[in-house]
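Treat the numbers as computed from the prediction; the structure is a model and nothing was measured. What you see below is based on every heavy atom in this structure, not just the backbone, and it leaves out hydrogens, waters and symmetry mates. Both ligands and their constituent atoms are indexed starting at 1 by order of listing.
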Amino acid sequence: MAVGENIRINPARLWDSLMAMAQIGPGIAGGNNRQTLTDADGEGRHLFARWCDAAGLTMGVDTMGNMFATRAGTEDLAPVYMGSHLDTQPTGGKYDGVLGVLGALEVVRTMNDLGIRTRHPIVVTNWTNEEGARFAPAMLASGVFAGIHTEDYAKARLDPEGLRFGDELARIGWVGDEVVGARKIHAMFELHIEQGPILEAEGREIGVVTHGQGLWWLEITLTGKDAHTGSTPMAMRVNAGLGMARITERVHQIAMSHQPGAVGAVGQVKVFPNSRNVIPGRVVFTVDIRSPEQGKLDLMRGEVERAAHAVAAELGLGCSIEPVGHFDPVTFDPGLVGVVRSAAERLGYSHMDIVSGAGHDACWINRVAPTVMVMCPCVGGLSHNEAEEISPEWAAAGTDVLLHAVLEVAGVVG
Ligand code: HGY
Ligand code: MN
Ligand code: MN
């Protein structure tokens, strides 16, 4: 039975919650720097927990710090989950991940306002370390939940300062007592901004996410020789920085050779000794390549690795390559995709099917439970930038669709 289309969330309350969360871990240009397991992340978690408590939810936390706030159902059934992540990039926006967590909370607040009861319990979720910016790989804790990574592997991950994930999680006081992955999920919904330009360009309010593209993160270490930038003859140089530059260009060329539907870039570069007048003797950088097509993704990985070794050989550099992140292209649950699409239609929101360009916790949870995503546009498609913006209307549209889709799957009683 579809819920009446006149039921809508409270847009002002949602927007106020988004703006209140944005005060925690502020960036330097209007966005956020609330990186995972920092004090700011801990503070954001406490605010979210207080809001969940005020909404009458029961909080559970697992040993990876994943937060699960439960609203009881009328029957002892596997819950319907909805959520995303509260951690941000170092120069992140106010909505990436946060809209999915606080939109889910707004759905529960609306259910409370209207006295709606459901057969299945409902769980609002905050997944730890979705971004992977501080501790690679991305979607780390949802990956442990889905059995992709072991908990030991995850807790041993180091940040750029050499701090351990497990120690940092304990330091902010968010090690829970639940076994990771023990929870049963009837269905999982993730509301997220598109982080690309398609919905806005097409004038659509809702993205019905049918698939997610796959990804490789390849960490390349080039080893040359530190030397004086002034007195070392060009022919004598073993320049790791030059190697990194040539490989970065090759990554771009490889992605362009697989158009449409492939992307590639180098986003993180660490140069040693990083002194203005020293030829870099070592460079460590991560290649990020993605495609919705498995074949293209696998081809690109091989081409990047061969190109890296060829450039290193030309310049007499040592070259090692370590995969530090990977997931194959994702197909979300067709039944739930239909539920999201019909909810958007019922509510009168313009919509289109879309493939997610970014990775999300939903990509891993899709391995262990029927999963789907709902997207709303973002201004200029900009994300992972402090200037990330959405409109209150887009936030409300996405959350209305989430409300109706979740109620349909959770089963309204009475
Ligand atoms: O990298 C991603 O796609 C996500 O933002 N972690
Ligand atoms: Mn995200
Ligand atoms: Mn992100």
Side-chain angles (χ1 to χ4, degrees), residues 18 21-22 25 27 31-37 41 44 66 82-104 125-144 146 148-149 154 157 188-196 207 209 211-219 255 262-268 286-292 297 323-330 354-366 371 373-378 381-390 395 398 402:
L18 288 167
M21 182 60 73
N32 275 108
N33 179 6
R34 192 171 55 246
Q35 296 183 65
T36 195
L37 309 189
D41 182 23
N66 294 314
M82 49 177 173
S84 190
H85 61 94
L86 291 173
D87 68 305
T88 76
Q89 287 283 331
T91 54
K94 299 190 283 284
Y95 312 98
D96 172 1
V98 185
L99 176 64
V101 178
L102 301 187
T125 306
N126 170 35
W127 298 105
T128 303
N129 189 33
E130 187 281 339
E131 290 294 356
R134 182 182 178 197
F135 297 96
M139 299 104 78
L140 183 60
S142 54
V144 175
I148 309 299
H149 309 301
R157 303 302 290 160
M188 165 76 191
F189 292 84
E190 181 166 3
L191 168 63
H192 206 286
I193 63 173
E194 178 198 341
Q195 299 184 290
V209 188
H211 299 81
Q213 66 177 351
L215 160 152
W216 278 105
W217 280 0
L218 303 173
E219 185 175 87
V263 292
V266 170
Q268 184 185 67
T286 301
V287 173
D288 179 324
I289 48 176
R290 310 191 189 200
S291 174
L297 185 65
V324 293
H326 170 241
F327 54 87
D328 287 333
V330 168
I354 194 167
V355 174
S356 174
H360 302 282
D361 295 307
C363 296
W364 282 144
I365 303 307
N366 187 59
T371 300
M373 294 187 72
V374 183
M375 283 189 172
C376 76
C378 52
L382 186 65
S383 184
H384 285 195
N385 182 309
E386 291 206 43
E388 176 186 280
E389 264 312 330
I390 64 173
L402 180 68

Asker: Would a distance-only check, ignoring hydrogens and angles, find a side-chain to backbone donor-acceptor pair under 3.5 Å from Q89 to A133?
Answerer: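 It does not hold such a pair.
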Asker: Rounding to 10°, state the angle centred on the Mn ion (ligand 3) that links OE1 in E131 with OD2 in D96.
Answerer: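 The angle at the Mn ion (ligand 3) comes to 130°, rounded to the nearest 10°.
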Asker: Rounded at 0.5 Å granularity, tell me how far OG in S142 sits from CG in D361.
Answerer: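 Between atom OG of S142 and atom CG of D361 there are 3.5 Å.
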Asker: Quick one: look at R290 and ligand 1, take heavy-atom pairs under 4.0 Å, and tell me if it's side chain, backbone, both or neither.
Answerer: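 R290 to ligand 1: side-chain contact only, backbone stays beyond 4.0 Å.
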Asker: The Mn ion (ligand 3) and H85: any N/O/S contact shorter than 2.8 Å?
Answerer: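 H85 does not place any N, O or S atom closer than 2.8 Å to the Mn ion (ligand 3).
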Asker: Is it the case that ligand 1 has an N or O less than 3.5 angstrom from some N or O of G359?
Answerer: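 G359 vs ligand 1: N/O contact under 3.5 Å present.
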Asker: Going by atom types only, do D96 and H384 share a side-chain donor-acceptor pair under 3.5 Å?
Answerer: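 Looking only at side-chain atoms, H384 and D96 do form a donor-acceptor pair, the distance falling under 3.5 Å.
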Asker: Using a 3.5 Å distance criterion without hydrogens, assess whether the side chain of R134 forms a donor-acceptor pair with backbone atoms of N129.
Answerer: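 No; zero donor-acceptor contacts below 3.5 Å.
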Asker: Within a strict 4.5 Å, meaning less than it, do heavy atoms of the T286 and L218 side chains meet?
Answerer: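 They are not in contact (no side-chain heavy atoms under 4.5 Å apart), so the answer is no.
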Asker: The Mn ion (ligand 3) and E130: any N/O/S contact shorter than 2.8 Å?
Answerer: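 Checking the Mn ion (ligand 3) against E130, no N, O or S atom falls under 2.8 Å.
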Asker: Would you confirm whether the ring centroid of H326 sits within less than 6.0 angstrom of the ring centroid of W216?
Answerer: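 Yes, the ring centres sit under 6.0 Å apart.
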Asker: Can you tell me how the ring of F327 sits relative to the ring of W364, calling it parallel under 30°, perpendicular over 60° and tilted otherwise?
Answerer: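 Ring orientation of F327 relative to W364: perpendicular.
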Asker: Does H384 reach ligand 1, in the sense of a heavy atom lying below 4.0 Å from it?
Answerer: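 Yes.
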Asker: Among protein heavy atoms, which sits nearest to atom 6 (N) of ligand 1, and what does the distance come to when rounded to 0.1 Å?
Answerer: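 Minimum-distance protein heavy atom for atom 6 (N) of ligand 1 reads E130 OE2, 3.0 Å.
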Asker: Taking only heavy atoms of A138, which atoms of ligand 1 are found under 4.0 Å from at least one of them?
Answerer: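 Heavy-atom distances to A138 below 4.0 Å select 6 (N).
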Asker: With a heavy-atom distance limit of 4.0 Å, tell me whether A358 approaches ligand 1 through its side chain, its backbone, both, or neither.
Answerer: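 Within the 4.0 Å criterion, A358 contacts ligand 1 through backbone and side-chain atoms alike.
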